[in-house]
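Following: one structure in structure tokens, then a few remarks.
Everything numeric in this text was worked out from a predicted model, so none of it was measured. These values consider heavy atoms only, across backbone and side chains, with no hydrogens, waters or symmetry-generated copies. The chains referred to below are lettered A, B, ... by the order of the sequence lines, with proteins before strands, and numbering in each begins at 1.
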There are 2 protein chains.
Amino acid sequence: MDERKRRILQAIVEDYVLTAEPVGSRTIARKYGLGVSAATIRNEMADLEEMGYVEQPHASAGRIPSDRGYRFYVDELMEVKPLPPWVVERVQELCEGRVRAMEAVLQQVARLLSEVTNSLAILVGPQAGEMVFRSLDLVPVGPSRALLVAVADLGLLESGMVEVPADLTPAELHYISQVLTRGLRGLSVQALSHTILRELQAELARYRQVLEQVLEILVASAREQVPDRMYLVGLSTLLSQPEFHDRERLRAVISVLEQEVLAKYLLMVSTEREQEAGVTVSIGRENPLGEVRDLSLVFTPYRVGVSRGRLAVVGPKRMDYGRVVGAVADFERLLSDLLGRWALV
Amino acid sequence: MDERKRRILQAIVEDYVLTAEPVGSRTIARKYGLGVSAATIRNEMADLEEMGYVEQPHASAGRIPSDRGYRFYVDELMEVKPLPPWVVERVQELCEGRVRAMEAVLQQVARLLSEVTNSLAILVGPQAGEMVFRSLDLVPVGPSRALLVAVADLGLLESGMVEVPADLTPAELHYISQVLTRGLRGLSVQALSHTILRELQAELARYRQVLEQVLEILVASAREQVPDRMYLVGLSTLLSQPEFHDRERLRAVISVLEQEVLAKYLLMVSTEREQEAGVTVSIGRENPLGEVRDLSLVFTPYRVGVSRGRLAVVGPKRMDYGRVVGAVADFERLLSDLLGRWALV
DNA sequence: TTTTAGCACTCCGCCCGTGGGAGTGCTAAG
DNA sequence: CTTAGCACTCCCACGGGCGGAGTGCTAAAA
């Protein structure tokens, strides 16, 4: 793979990304002055095809990159483009502005990411199981009911209604809350349930009924695979791409996105390669969207306090990888830096 | 509009709904035995066209119903079909099962509604502003922060972080909570903010800073136009309809649905005709989806305690109105009956 | 040995004309 | 008022022809 081949492959990818049409030797010779003639480029292209980096949609057409070609481009050739400054500023404003809920911020950030990449943006907040437990409170409401309020490092973790015996005093409720808070504070939410059991046997045997309900709520919350909310913005942009000319393909994409399989994958991937933060690019069949082989996915986790959210862009294989990877990387950095404020110190 | 015309119009609508193709006089004579010949039907169809109930896509094709034709069909001709029993049972299971959060139930119900109508189903929970306030609690978390937990008749209304002076004791927080709860209980959430102001002047002047934050959170919550979550299921089903053959139309639909214009409309409609519960059908240009004139919307509010949620099905104009209206009506009844359990007594 | 020009060939996509089919409106008879 | 017959209209699917873009190959030039 000499320098010239690299530059030709680069030209093919970039021109194809731009035009969505197979690119021929002529075009390359003209638009991307390599100082050689079209004939030479034809020879090189034949080589590239043999090596599996490009392919021909049909016998006498130009070349388009293969998955392998894109992969090489992403790994070796592309130039990561930073986010334009106005976007950076906008994200900062969003994160620092007076907003009550993290959710509203994430929603807007997702919209921005979608606009700037011209693709589908997916943002998920931190997963409950990964948060750190802080406190628990049973607030009496009505005669024999209490609202369980569980707080984690990122704010409200979970709430739910609990039936309590009518003769239980507010003071007793408060006592239960305090014991549980003391016992559980600082644990990862995933680890709660075991600990709760021990606690239960010891100090709070009298309130078994209440405890069981609390336990149920917390366990359910920790088990939740997919985060509370998943912000998915830009479907219509994605659909305007020419690759979705035929409707069957399109339906496939939509129904994949509609099932939340995707979110699950996002989490999976990131637990798999737990350690390595950083942007991952899955191209075509590499990606996990089942039969949909025309999409690429650019993915990264981001930090919020001690837990992590996930951030992804889904676009056609034929996307501007330099720009998208740059955008995703920059968004990750921005969010990791700026969302710290949501973590309770 | 004599009986025969009615039956012919009915045949046209029902056949068109079935086949998505313009229906000719022949077809009607053969498939919907009216005891007259095709020629007669041709004459009647010419009349119907003059009256504006049907139209011809081009000079020598069959007829398709006009918006007005559909309207007449819905108002006078269609037979409302009840939900199949297994669906009813399924909804009952869902609503009565041991589930923690109303949200999970609504999500599933939306999916079911989508499946049974083969269209896009939209379900929104009760709007915050319509709920009845019950209690408020400030739970201390960390050194100078408290979590505001506001509870309404349907459970958790809102939560948010509040900065408190470091020297404020838990007892004082509790005091504030109690005063506020006492003052606000029983009010509609929309009415809170005014009352809070009076309360503030009187008893709690010392805690102005805290109160302001509480106020801000509650007001924001009451102002929220669109309910917390909107469940939108079945987009891919909708897209498989033949009317979305051409992509521009399709994009239009998706981008309309993506912006939450729709949800806002749902609320608007229902505040407009505040009193009349019951199913509303908007056909084609009657519907509020802007430029999208090929969709119809079947809509109804449903009760949850004293507030209301909204329920809708979006499908092509060419939908089986009898079935969809039946389904929406039945779902409304089921939900209104079964979701009462979420209301705090 | 590598590069280049020339050339014949291939294949796609488009245009266009044509024929069949479906459905209509009209007319005249029952 | 209904019906049969008929001429007419319009859509659409089919197929041939053609232009264009791009290739691979060969032979000559660097």
Side-chain angles (χ1 to χ4, degrees), chain A residues 1-9 11-16 18-66 69 242-243 245-247, chain B residues 1-9 11-16 18-66 69 242-243 245-247:
Chain A
M1 195 71 170
D2 57 21
E3 182 56 23
R4 194 167 63 192
K5 282 202 179 55
R6 294 167 67 99
R7 298 197 50 193
I8 291 175
L9 179 54
I12 293 175
V13 172
E14 289 175 4
D15 201 79
Y16 184 61
L18 219 61
T19 64
E21 305 217 323
V23 23
S25 52
R26 244 193 129 76
T27 316
I28 295 183
R30 250 189 295 115
K31 279 172 58 178
Y32 303 79
L34 302 187
V36 292
S37 77
T40 309
I41 293 176
R42 274 204 289 283
N43 288 328
E44 296 285 49
M45 281 165 91
D47 291 352
L48 284 172
E49 181 157 13
E50 216 170 318
M51 292 188 259
Y53 292 116
V54 297
E55 46 197 33
Q56 274 179 307
H58 62 84
S60 79
R63 303 310 210 282
I64 63 175
S66 64
E243 8 273 299
H245 220 72
D246 84 274
R247 307 172 56 240
Chain B
M1 195 71 171
D2 58 20
E3 182 57 24
R4 194 168 63 189
K5 282 202 181 54
R6 294 168 66 100
R7 296 197 52 192
I8 291 176
L9 180 53
I12 293 175
V13 172
E14 287 174 5
D15 202 77
Y16 185 61
L18 219 63
T19 64
E21 304 216 326
V23 21
S25 52
R26 243 194 130 78
T27 316
I28 295 183
R30 247 188 298 117
K31 279 170 58 177
Y32 303 81
L34 301 187
V36 291
S37 76
T40 309
I41 293 176
R42 274 204 287 284
N43 288 328
E44 297 285 48
M45 281 165 94
D47 292 350
L48 284 172
E49 181 157 14
E50 217 169 319
M51 293 188 258
Y53 292 116
V54 297
E55 46 197 34
Q56 272 179 308
H58 61 83
S60 81
R63 302 312 208 282
I64 61 175
S66 65
E243 9 273 297
H245 222 69
D246 84 275
R247 307 171 54 237

Between [N] and [X], counting only base atoms on the nucleotide and side-chain atoms on the residue, is there a donor-acceptor pair under 3.5 Å?
| X | N | answer |
| --- | --- | --- |
| S60(B) | dT9(D) | yes |
| S37(B) | dT3(D) | no |
| R42(B) | dG5(D) | yes |

To the nearest angstrom, how far is [X] atom [atom1] from [N] atom [atom2]?
| X | N | atom1 | atom2 | answer |
| --- | --- | --- | --- | --- |
| I41(B) | dG23(C) | CD1 | C1' | 13 Å |
| I12(B) | dG23(C) | CD1 | C1' | 13 Å |
| Q56(B) | dG25(C) | CD | P | 6 Å |
| M45(A) | dT3(C) | CE | C1' | 17 Å |
| K5(A) | dT2(C) | NZ | C1' | 12 Å |
| E55(B) | dC10(D) | CD | P | 18 Å |
| I28(A) | dT4(C) | CD1 | C1' | 17 Å |
| I64(A) | dT23(D) | CD1 | C1' | 16 Å |

Tell me what A39(B) touches on the nucleic acid: a base, only sugar-phosphate, or nothing, going by heavy atoms under 4.0 Å. base
Might you confirm whether atom CZ of R6(A) has over 12 heavy atoms from other residues, nucleotides or ligands at distances under 6.0 Å? yes
Has the side chain of E55(A) got a donor or acceptor atom that lies under 3.5 Å from a matching backbone atom of S66(A)? no
Taking V36(B)'s backbone N and O only, do any of them form a donor-acceptor pair with T40(B)'s side chain (distance below 3.5 Å, no angle check)? no
Side chain of R26(A), heavy atoms from C-beta onward: which of dG22(D), dT24(C), dC10(D) has the nearest atom to it? dG22(D)
Where the side chain of N43(A) is defined as all heavy atoms beyond and including C-beta, which of dT2(D), dT4(C), dT23(D) is the nearest nucleotide? dT4(C)
Under 4.0 Å between a side-chain N/O of T40(B) and OP1 or OP2 of dC1(D), yes or no? no
May I ask you to evaluate whether R4(B) reaches the phosphate of dT2(D), defined as a side-chain N or O under 4.0 Å from OP1 or OP2? yes
L48(B) and I8(B) have their tightest heavy-atom pair at CD1-CG2, 3.9 Å
First of A59(B) and E44(B) reached from the 5' end of DNA chain D, by closest nucleotide: E44(B)
Carboxylate-amine/guanidinium contact E49(A) R63(A), below 4.0 Å: yes
